[in-house]
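Below, read A as the first sequence line, B as the second, and so on, with proteins coming before strands; counting in each chain starts at 1.
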Amino acid sequence: MIPASFDYIAAKSLDEAISLLATHKDDAKILAGGHSLLPAMKLRLMQPKVLIDLGRIKELSYIKEEAGQLRIGAMTTHFQVETSDLLRRVCPLLPETATQLGDMQVRNKGTIGGSVAHSDPAADWPAAILALDAEIVATSARGDRVIKATSFFVEMLTTALEPGEILREIRIPGGKGKSGQAYVKVRHPASGFAVVGVAVNLAADGGKCQSAGVGITGVSPKAYRAANVESGLKGNALDAKTLSAAAAHAADGVDINSDLYASAEYRKQLATVYTRRALEIAASRLK
Amino acid sequence: MAEKTVGKPIKRTEDPRLIQGLAHYVDDIRLPDTLHAVFLRSIYAHARIKSIDTTAAQKLPGVVAVYTGKDVAKIGPVPCAAALPDLKVPDHRALASTKVYFVGHPVAVVVAESKSAARDAVDLIEVDYQELPVALDEEKAADAKSPVIHEQFGTNVAYKLTAGEGDIEAALKSADQVIKQRILHKRLAPIAMETRGVLARYYPGEQELTLWTSTQIPHLCRTQVAIMLGMPENKLRLITPEVGGGFGSKLNVYAEEALMGWISMQLNRPVKWIEGRRENMQATIHGRGQTGYIEIGFKKDGTLTGLRYNVFADMGSYFQLLTPAIPTLTGLMLSGCYKIPAIQINVTGVFTNKMSTDAYRGAGRPEATYVVERALDLVAAELKKDPVEVRRKNFPQPNEFPFKTATGLFYDSGNYQGALDKALKMADYTKLRQDQQTARKEGRLMGIGVSTYVEICALGPSAAMPAGGWESATVRVEPTGKVTVLTGASPHGQGEETSFAQIAADELGVGVNDVTVIHGDTAIVQYGIGTFGSRGLAVGGTAVYLAIQKLKDKAGKIAAHLLQVDASTISFAEGKFTSSAAAGKQITIQEVTLAAHVAKSLPEDMEPGLAATSFFEPKNFTFPFGTHIAVVEINKETGEIDFQRYVAVDDCGKQINPMLVEGQIHGGIVQSMGQALYEEVVYDDQGQLITGTLMDYALPKAIMIPHLELGSTETPSPVNPLGAKGVGEAGTIGATPAIVSAIVDALAPYGVRHLDMPLKPEVLWQIINKKSAGAA
Ligand SMILES: Cc1cc2nc3c(=O)[nH]c(=O)nc-3n(C[C@H](O)[C@H](O)[C@H](O)COP(=O)(O)OP(=O)(O)OC[C@H]3O[C@@H](n4cnc5c(N)ncnc54)[C@H](O)[C@@H]3O)c2cc1C
């Protein structure tokens, strides 16, 4: 539980962080809330020589509406998301996800950008980010690059971020019409991470489903959008039968994780049941 | 005059410092020039060490020394205090030398100027291992075909032991029916919030070694470490600063404790080792670990005739302080709270390539209670009787105490019906059973589990203990009237600083805040035994009480002298001495104390000062008891368990502080829930520890615990003048069977009669799913 020694630099601005990263390259790691990075360093699973701390960069911590989008700075903490009045009003899925993430200490320190950049296969944010069709803004000496959430999560602990890039912002498209959202989760009894986490973002018009975003985490080596669930909903009336039939496709086409707590067979069952529950809650909120 | 506090739920006086982070644990003690130690531990469960090369590690800047097994051969073996006939005792040294026996076995220790240098150097030590086949399962390891761990013994069987009274064969033959059941008690990790840690400082001039260590038994640990180091016991001072929980895991003497002492004597500098959580999972003792076979004989009306329990007990690869003795406690408690005319336990203690097992909260008794309670449920299910009825049928009556069991014990006092009735009433049991009928009709899986338990506490009479079972106390009244209590018990979270202060305050007529309780420093406190086996209050608290009686006796004589009356006329109440011979005259304890210290006017031949010491030797154990009722509903789609009610009525004899009692019960039930639902130390088939961190090993958190409805009855113990029995382990003993019983009961419609812990949702779902699929 003793990390290898490292240098620590507190960047004063995003530009400075970018240039520090360009200088130290692979030797460096970005430090956000430290709640994934530091445990990994203590176990010596990671041994960066330099930590570049984003913690003092105020310009990376915000939640705002701009250009018809919601924009969340990478260094916004889980707690800030959880308690944002703006988000509770226009995108309650995010606060609902935050309340189920870790515990109070973790939510006070951990950041949404850090979690998305870390891309733990059982983390909560990726499910919500996917369900909401979000975009991720990566920045480097070359400027900004916008990445769709669906192409951001590459595999376990690997994202589309390139060397030298810093995750700067998460953008969520503004909703059209009435929306109903929900996040439900089976917590692993030891880690508290998601054995299964299902985020749902539905829009309906005239009783018919206009659009459906279903993001699932914990089930496979990376979070994914459950395409067959979504297609089972779109254009249909959101009655109990439809929801249940769609939910049965929650784990279609993915490699299912298996561990001491839940075998692949059982996890698939949990994914199905919890997807149905999330859909039911989201649908009920459309009213 | 201070208000009486015994029996009142006053807040713990130790809490403010704990809550504010102001307490001092071993790691908070900082000495100048301290070196840091980090261990290299075996990555294999069983291997021969062909060579160890420490050259590169030694050369790393900051490294002061690297020691391996051959360097520390002079340190004596890690002690095992359990004496059993024909016990095979492996030579357990501070570091491995020729072989490693479990993942986490210490192979080398690096001492450096900083923790990180020591840790870096560990990676530079090269060990050439030759892997050996492993023996992991206690039942299979006992087989003659198993790989042998300690070659000198030619077997993994450490000992075999049979105990119990009555003709078991005849008893089982006389039964109308005998039920057999295989039953598992998985290994559990105690997980004290504070891991182990040792700071050692040697003063070569004074030849004095001071050890700060996180232990439950400061004096016993001092004696044993002094023996291991071959030094005079009175040159070793052992201090337990704040201890962040033990649950039995620190009722031990560990290699690291002696090693740190030895290293500081080699280097003449302080050295500190703080155990990491991963080390804690690997190399601090585990609890439980039994594979057993129950045979219970009974008559058609539910009367029990006999119980046999054949058990393979997992020792791990070495013995720690009490390893082989733990299953003997299981044997002692196999009568539960029932009349069972014949009982037999056959223990096979087995070495395995794992960390040693030893005392974990309950220590052998939760296993016994679980066996008996599961057996009674099986009997009830077989006879299609209410499990409550079968229990009631076999209870001894209140007038049958002291009650002799076929395990050789005399239960001190009890009213098992009383606690059961109270719990049934609190839970509205009749209504619950009706609700269950309704639920079943609606296809819902509701289950009700009842456990009635008795446990053995206040360990114990010295004759039955490996190293004395008494406890000591010194009580002093200082010249200013403040009271100092020195207790040999060593509280580490139980709240004895509060409960002992309550006893002293009430007895002397002072306020709780006028009393300071000091413990855990062998240079200050007279020899004592420690805190474990739910003994703190019943044995240690009694010693405090008795010391105060001696002290009051002396104070009374001084008071008589000052009031110029005969001592036989003196009585003491509410802090004041009065005399039946001198109406209206009185003198306070403070005035008497001052007189005792200034010593200008004392009775002839009386020594000055006001202090007394007592060593209390209990004549018997105490036997707390109670009833726990769990009500669950299981989700058919996922197997997830929803607690609807949890009711517990516990009788721990006289309660000194009901808030402390509740706290102990809460904690115990929570640990029980951990065992019943989540916890299991898992080694894979190579002996690698799979549940090596708290990301994998599931400890229950507050949000996972239902509301606990607690009640109590008070049946005083005749064993000590306080009437107290003990409550530290009750929750872990009573709750586990109730929870398992409720879940099994919920699944009864699927023909389930027994399931092994931990009852993970997947296990339940598999049963529901398979049966539903089969039916469809
Ligand atoms: C006890 C505990 C319980 C937890 N429970 C949960 C849970 O239930 N659900 C859950 O989802 N998570 C959980 N977490 C993880 C927590 O949410 C972390 O805070 C989060 O995953 C990482 O965020 P961070 O800000 O702490 O990032 P850090 O740990 O600082 O960084 C994580 C990784 O991302 C990189 N990084 C960070 N920020 C950026 C950036 N802006 N650009 C590029 N790279 C970056 C870092 O270099 C590092 O590799 C838990 C953590 C702990 C300690």
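- Between chain A and the residues Ile274(B), Thr638(B), Asn635(B), the most heavy-atom pairs under 4.5 angstrom are made by Thr638(B).
- Distance check: Met695(B) CE to Leu43(A) CG gives 9.5 Å after rounding to the nearest 0.5 Å.
- A distance of 9.0 Å separates OG1 in Thr195(B) from CE in Met1(A), rounded to the nearest 0.5 Å.
- Atom NZ of Lys760(B) and atom OH of Tyr266(A) lie 11.0 Å apart (nearest 0.5 Å).
- When heavy atoms are compared at a cutoff of 4.5 Å, Ile690(B) approaches chain A solely by way of its side chain, counted from C-beta outward.
- For the pair Lys701(B) (side chain) and Gly192(A) (backbone), a donor-acceptor distance under 3.5 Å is absent.
- Contact annotation for Ser114(B): neither backbone nor side-chain heavy atoms come within less than 4.5 Å of a heavy atom of chain A.
- Other residues, nucleotides and ligands contribute more than 12 heavy atoms inside 6.0 Å of the CZ atom of Arg285(A).
- Here the side chain of Glu637(B) pairs no donor or acceptor atom with the backbone of Val273(A) at under 3.5 angstrom.
- With a 4.5 Å cut-off on non-hydrogen atoms, Tyr697(B) touches chain A through its backbone but not through its side chain.
- Atom CG of Asp103(A) sits about 9.0 Å away from atom CD1 of Ile703(B), to the nearest 0.5 Å.
- Environment of CG in Asp255(A): sparse, with no more than 12 heavy atoms of neighbouring residues, nucleotides or ligands closer than 6.0 Å.
- If you measure heavy-atom distances from Leu260(A) to chain B, the contacts under 4.5 Å come from both the backbone and the side chain.
- For Val682(B), the part sitting under 4.5 Å from any heavy atom of chain A is the side chain, from C-beta outward, and nothing else.
- Interface remark: Pro3(A) contributes backbone atoms only to the contact with chain B (heavy atom separation under 4.5 Å).
- Closest of all the heavy-atom pairs between His188(A) and Asp696(B) is CE1-O, 4.4 Å.
- Both the backbone and the side chain of Tyr261(A) have a heavy atom closer than 4.5 Å to some heavy atom of chain B.
- Chain A forms the most heavy-atom pairs under 4.5 Å with one residue out of Glu640(B), Met704(B), Glu680(B), and that residue is Glu640(B).
- Rounding to the nearest 0.5 angstrom, the gap separating the CD atom in Glu265(A) from the CD atom in Gln766(B) is 4.5 Å.
- No salt bridge links Arg267(A) with Glu762(B); every basic N to acidic carboxylate O contact stays at or beyond 4.0 Å.
- Contacts of Thr272(A) with chain B are absent, with no heavy-atom separation under 4.5 Å from either backbone or side chain.
- For the set Thr691(B), Leu694(B), Leu699(B), Thr693(B), the count of heavy-atom pairs under 4.5 angstrom toward chain A peaks at Leu694(B).
- In terms of heavy-atom proximity, Arg119(B) sits nearest to Ile2(A) at CG-O, 3.7 Å.
- Per-residue counts of heavy-atom pairs under 4.5 Å with chain B were compared for Ser191(A), Ala190(A), Ala262(A); the largest is that of Ala190(A).
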_CA sep, side-chain torsions, deciding dist, call: Gln269(A), Asn769(B), side-chain contact (heavy atoms from CB on, under 4.5 Å)_ = CA-CA 10 Å; Gln269(A) 170 73 6; Asn769(B) 192 38; 5.9 Å; no
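- Asp120(B) touches chain A through backbone and side chain together, each having a heavy atom under 4.5 Å away.
- Using a 4.5 Å cut-off between heavy atoms, Pro758(B) makes no contact with chain A at all.
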